Amino acid sequence: MKKFVEHQGIVAPLDRANVDTDMIIPKQFLKSIKRSGFGPNLFDELRYLDEGQPDQDCSGRPLNPDFVLNQARYQGTSILLARANFGCGSSREHAPWALEDFGIRAILAPSFADIFFNNSFKNGLLPIILTEAEIDQLFREVEAVPGYQLTIDLRNQAVIKPDGSRLPFEIDEFRKHCLLNGLDDIGLTLEHAQAIREYEAQRQQTAPWLFSN
Amino acid sequence: MAGKTLYDKLWDAHLVRANDDGSALLYIDRHLLHEVTSPQAFEGLRLAGRRPWRIEANLATPDHNVPTTERSGGVETIVDPVSRIQVKTLDENCDTFGITEFKMNDPRQGIVHVVGPEQGATLPGMTVVCGDSHTATHGAFAALAHGIGTSEVEHVLATQCLITKKMKNMLVRVDGQLGLGVTAKDVILHIIGVIGTAGGTGCAIEFGGEAIRSISMEGRMTICNMAIEAGARVGLVAADEKTIEYVKGRPYAPQGALWEKAAAAWRDLVSDEDAVFDKVVVIQGEDILPQVTWGTSPEMVAPVSALVPDPAVMSDAVQREGTERALKYMGLQPNQKITDIQLDRVFIGSCTNSRIEDLRAAAAVVKGKKVAASLKQALVVPGSGLVKAQAEAEGLDKIFIEAGMEWREPGCSMCLAMNPDKLGAGEHCASTSNRNFEGRQGFGGRTHLVSPAMAAAAAIAGHFVDVREWMQA
């Protein structure tokens, strides 16, 4: 997994609540058996005017000029500013894969859907929860200042604004540790293989029917 | 000390290790797999030289991509090459790793959330995960069940555990009785309308109360299935005699002395009387009417007798803009009658509503009637090969076909349109599925979520009708 320590980048505002994972990456692209290559189809139905197909070259497709990521001032965006309940719906990890492949490293929102939130951390993508008021203020600043950038300092758990002011955020210690070090958690869990075996042995006594098939 | 909730009990029984930071290693009893969210996980295992920890805990079936039209020629005859590769990849991975798979033309194949309970592979008191958010379905059996991402699919394959954090406890209690024509689907849509699409975020929702107890196991599955549409990864219903009766005799269920022991243990899968919930919502069963979604989020729902809402009277700016955007996408006018919405297609199926009781309810409405001439298609897609066989044994297929509906092979089908079953741009569909997101059932498609009986009545009328009027007649 890609490490996340500190990141500075252009911020794009996606001003709608309840952005669902069907919107982030529509179903026709879930047929891939790979983990990469989803970036060109990120937000496909919002980003293009036609219906996208898997394995299609997207370079000649008609772009929706109203969609934020198509606007010149947001080219090279790596931080997405979003509204409440971002990532709701399906469990598809293709959503963080598409965001990551597009070049997004962090998403700032007042709340996230649980499964998306969880999947993001497995892919070096940092979802940050800020207050409604902080998010509202960021929307105003991003829209007012072309080329607006933020710095995210994971070690110190702060989003740093261009004027140097800091917005602190919370993150689980374990997730922070994994992101800072780019750790894959299967290896970490297998360090506890003995505990898993002991659990199974005890469970086989108390609930043997769970091991009969 | 306060008693334990059902969720607390299930959590405690599966805790392998609690970490200092609040995260925990939770043991997984049953892992269900399908073709869409597993290939990258198997690839990860292979690259790391790992083997599945406990092969017999896994059960797989292809469902999202499979065609629902004639497919006796097998996987090689799947027309879409990308879908074909995905289904073949699941077959190859299961063969390589020795995982039991109900392949496309196995009579036990079907939607993974229909197949698990049908086989008794989902048992009360289990932890059940699958790379699919509708895994919440299995919570109807007092099992701790939720969707996971592909990285977690790989983690469960490799370790039989998940790294997770305890959720909050939420109780949604539905008191009283449900009226005639009001089904489990209407109950869950009504609940989502009340608590919102993020109302259960971070929570395990236990559905309780007299009205929930009165609902069949299949109805309880419909309710738990859509917990995720209220933001909760987990939906739960306490075990009772209905639960135990439903499981008894199924292929994967324990037998003989082991059955007696298991059934005795399952009777304790209820929240203690003095358990404390972090959040409680109480709903009166009598207040629930047949529901129809009018927008692009499951919380955008109203009784069939209502009008499409008017954003002009909404004071909250985010809600107003969301409603305006939804009405524009749906091609609806504020204050339009829901019963005036004209339909192009009807879809009866999905992990929410494709079980035998759903098909019986739909067949009871269409029996002896004809689908409206204005409709382009009315599709009935059973949830599994066994549901299909049961329906055919009862003659339900003939009722649907005589009414002018299409009777298909099992799969996810038009719920998410990964196979050829999809809506055209601008088409309105009465659908028994679970999500009305933009483009979900096809690019530009407009989904209205309803119960099987409401979908069936809409197919006959060509527009929404209050199915209760037909029942009283």
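First the proteins, then the strands, lettered A, B, ... as listed; each starts at 1. Treat the numbers as computed from the prediction; the structure is a model and nothing was measured.
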- Which residue out of B/Ile148, B/Val318, B/Asn19 racks up the most heavy-atom pairs below 4.5 Å with chain A? B/Ile148
- Message: Testing the basics here: between A/Asn119 and B/Gly149, what is the closest heavy-atom pair and its distance to 0.1 Å?
- Response: OD1-CA, 3.1 Å
- Query: Are more than 12 heavy atoms from other residues, nucleotides or ligands located less than 6.0 Å from atom NZ of B/Lys168?
  - Reply: no
- Check against side chain to side chain contact (heavy atoms under 4.5 Å, CB included), B/Trp266 and A/Trp209: CA-CA 12 Å; B/Trp266 294 341; A/Trp209 57 88; 3.6 Å; yes
- Note on the structure: Note: B/Ala158 and A/Ile186 closest approach over all heavy atoms is CB-CG2, 3.8 Å
- Message: Need one label for B/Arg440: side chain, backbone, both or neither, based on atoms under 4.5 Å from any heavy atom in chain A.
- Response: both
- Message: Ignoring hydrogens, what is the shortest heavy-atom contact between B/Arg325 and A/Asp15? Give both atom names and the distance.
- Response: NH2-O, 3.6 Å
- So which part of A/Asn85 gets closer than 4.5 Å to some heavy atom of chain B, the side chain, the backbone, both or neither? side chain
- Message: Is it the case that the side chain of A/Lys27 and the backbone of B/Ala417 share a donor-acceptor pair, with hydrogens and angles ignored and the cut-off at 3.5 Å?
- Response: no
- Per-residue tally against chain B (heavy atom, under 4.5 Å) across A/Thr206, A/Ile196, A/Leu188 peaks at A/Ile196
- Among A/His94, A/Arg83, A/Met23, which residue forms the greatest number of heavy-atom pairs with chain B at distances under 4.5 Å? A/His94
- Query: Between A/Arg35 and B/Glu154, is there a salt bridge with N-O shorter than 4.0 Å?
  - Reply: yes
- Query: Is the number of heavy atoms from other residues, nucleotides or ligands under 6.0 Å of B/Asp20 CG greater than 12?
  - Reply: no
- Message: Within the 4.5 Å heavy-atom criterion, are A/Leu210 and B/Arg30 side-chain neighbours or not?
- Response: no
- chain B contact via A/Ala193 - which portion, at a heavy-atom distance below 4.5 Å: both
- Message: Using 0.5 Å steps for rounding, measure from the CG atom of B/Leu416 to the OG atom of A/Ser90.
- Response: 8.0 Å
- Assess the side chains of B/Glu152 and A/Asn118: does a donor N or O sit below 3.5 Å from an acceptor N or O? yes
- Item | Smallest separation among heavy atoms of A/Ser32 and B/Gln40, with atom names | O-NE2, 3.3 Å
- Carefully, step by step, assess A/Ile33 and B/Glu35 under the rule side chain to side chain contact (heavy atoms under 4.5 Å, CB included). CA-CA 9 Å; A/Ile33 57 169; B/Glu35 78 279 20; over 6 Å; no
- Note on the structure: Most heavy-atom pairs under 4.5 Å with chain A, out of B/Gly22, B/Gly439, B/Ala265, belong to B/Gly439
- Task: Could you tell me the separation between the CD atom of B/Gln441 and the CG atom of A/Asp22, rounded to the nearest 0.5 Å?
- Result: 10.5 Å
- Option in B/Gln255, B/His155, B/His134, B/His64 with maximal non-hydrogen atom pairs under 4.5 Å from chain A: B/His155
- Correct closest heavy-atom pair for B/Phe443 and A/Leu49 would be CZ-O, 4.1 Å
- Task: Would you check if there is a donor-acceptor pair between the side chains of A/Glu200 and B/Trp53 at a distance under 3.5 Å?
- Result: yes
- Below 4.0 angstrom, N of the basic side chain to O of the carboxylate: do B/Asp21 and A/Arg175 qualify? no
- Note on the structure: So, the part of B/Ala13 with a heavy atom under 4.5 Å from chain A: the answer is both
- Task: Search all heavy atoms of B/Ser133 against all heavy atoms of A/Ser91 and return the closest pair with its distance.
- Result: N-OG, 3.4 Å
- Task: Name the region of A/Ala207, side chain, backbone, both or neither, that has any atom closer than 4.5 Å to a heavy atom of chain B.
- Result: neither
- Message: Between B/Arg50, B/Met167, B/Glu43, who has the most heavy-atom pairs with chain A when the cutoff is under 4.5 Å?
- Response: B/Arg50
- Are side-chain N/O atoms of B/Ser151 and A/Glu93 paired as donor and acceptor at under 3.5 Å? yes
- Item | Spacing of A/Leu30 atom CG and B/Ser83 atom OG [to the nearest 0.5 Å] | 10.5 Å
- Side chain from CB out, backbone as N, CA, C, O: work out which of these in B/His14 comes under 4.5 Å of a heavy atom of chain A, or both, or neither. both
- Option that, when pairs with chain B are counted at under 4.5 Å, heavy atom only, ranks first among A/Asp172, A/Asn18, A/Asp184: A/Asp172
- Message: Out of A/Trp97, A/Phe117, A/Tyr199, A/Phe112, return the one with the most heavy atom pairs under 4.5 angstrom to chain B.
- Response: A/Tyr199
- Under 4.5 Å from a heavy atom of chain A, the part of B/Thr197 involved: both
- Do any of residues 119-126 of chain B have a heavy atom less than 4.5 Å from a heavy atom of chain A, and if so, which, in residue order? B/Leu123, B/Gly125, B/Met126
- Item | Neighbour count >12 (heavy atoms, 6.0 Å) for atom NZ, B/Lys88 | no
- Message: Determine whether A/Ser111 and B/Thr201 satisfy the following criterion, side chain to side chain contact (heavy atoms under 4.5 Å, CB included), listing intermediate values before the conclusion.
- Response: CA-CA 9 Å; A/Ser111 61; B/Thr201 301; over 6 Å; no
- Query: Around A/Gln202, counting heavy atoms of other residues, nucleotides and ligands shown, do more than 12 lie under 6.0 Å from its CD?
  - Reply: yes
- Message: Taking every non-hydrogen pair under 4.5 Å, which of A/Arg92, A/Gln28, A/Lys34 racks up the most with chain B?
- Response: A/Lys34
- Message: Quick check for you: among A/Arg203, A/Glu51, A/Lys122, which has the greatest number of heavy-atom pairs under 4.5 Å with chain B?
- Response: A/Glu51
- Item | Interface residue of largest heavy-atom contact number with chain A, from B/Asp132, B/Thr296, B/Ile163, under 4.5 Å | B/Ile163
- B/Arg233 and A/Asp114 ion-paired at < 4.0 Å: no
- Message: What part of B/Ser23 gets within 4.5 angstrom of chain A, counting heavy atoms only: side chain, backbone, both, or neither?
- Response: side chain
- State plainly whether the residues B/Glu438 and A/Arg16 are in salt-bridge range, i.e. N to O under 4.0 Å. yes
- Quick one: are B/Asp80 and A/Lys31 in side-chain contact, heavy atoms under 4.5 Å? yes
- What residue, out of B/Lys261, B/Gln319, B/Glu321, has the most heavy-atom pairs lying under 4.5 Å from chain A? B/Lys261
- Query: Do B/Arg54 and A/Phe211 pass the side chain to side chain contact (heavy atoms under 4.5 Å, CB included) test, and can you show the C-alpha distance, the side-chain angles, and the key distance before you say yes or no?
  - Reply: CA-CA 10 Å; B/Arg54 195 178 141 209; A/Phe211 295 84; 3.5 Å; yes
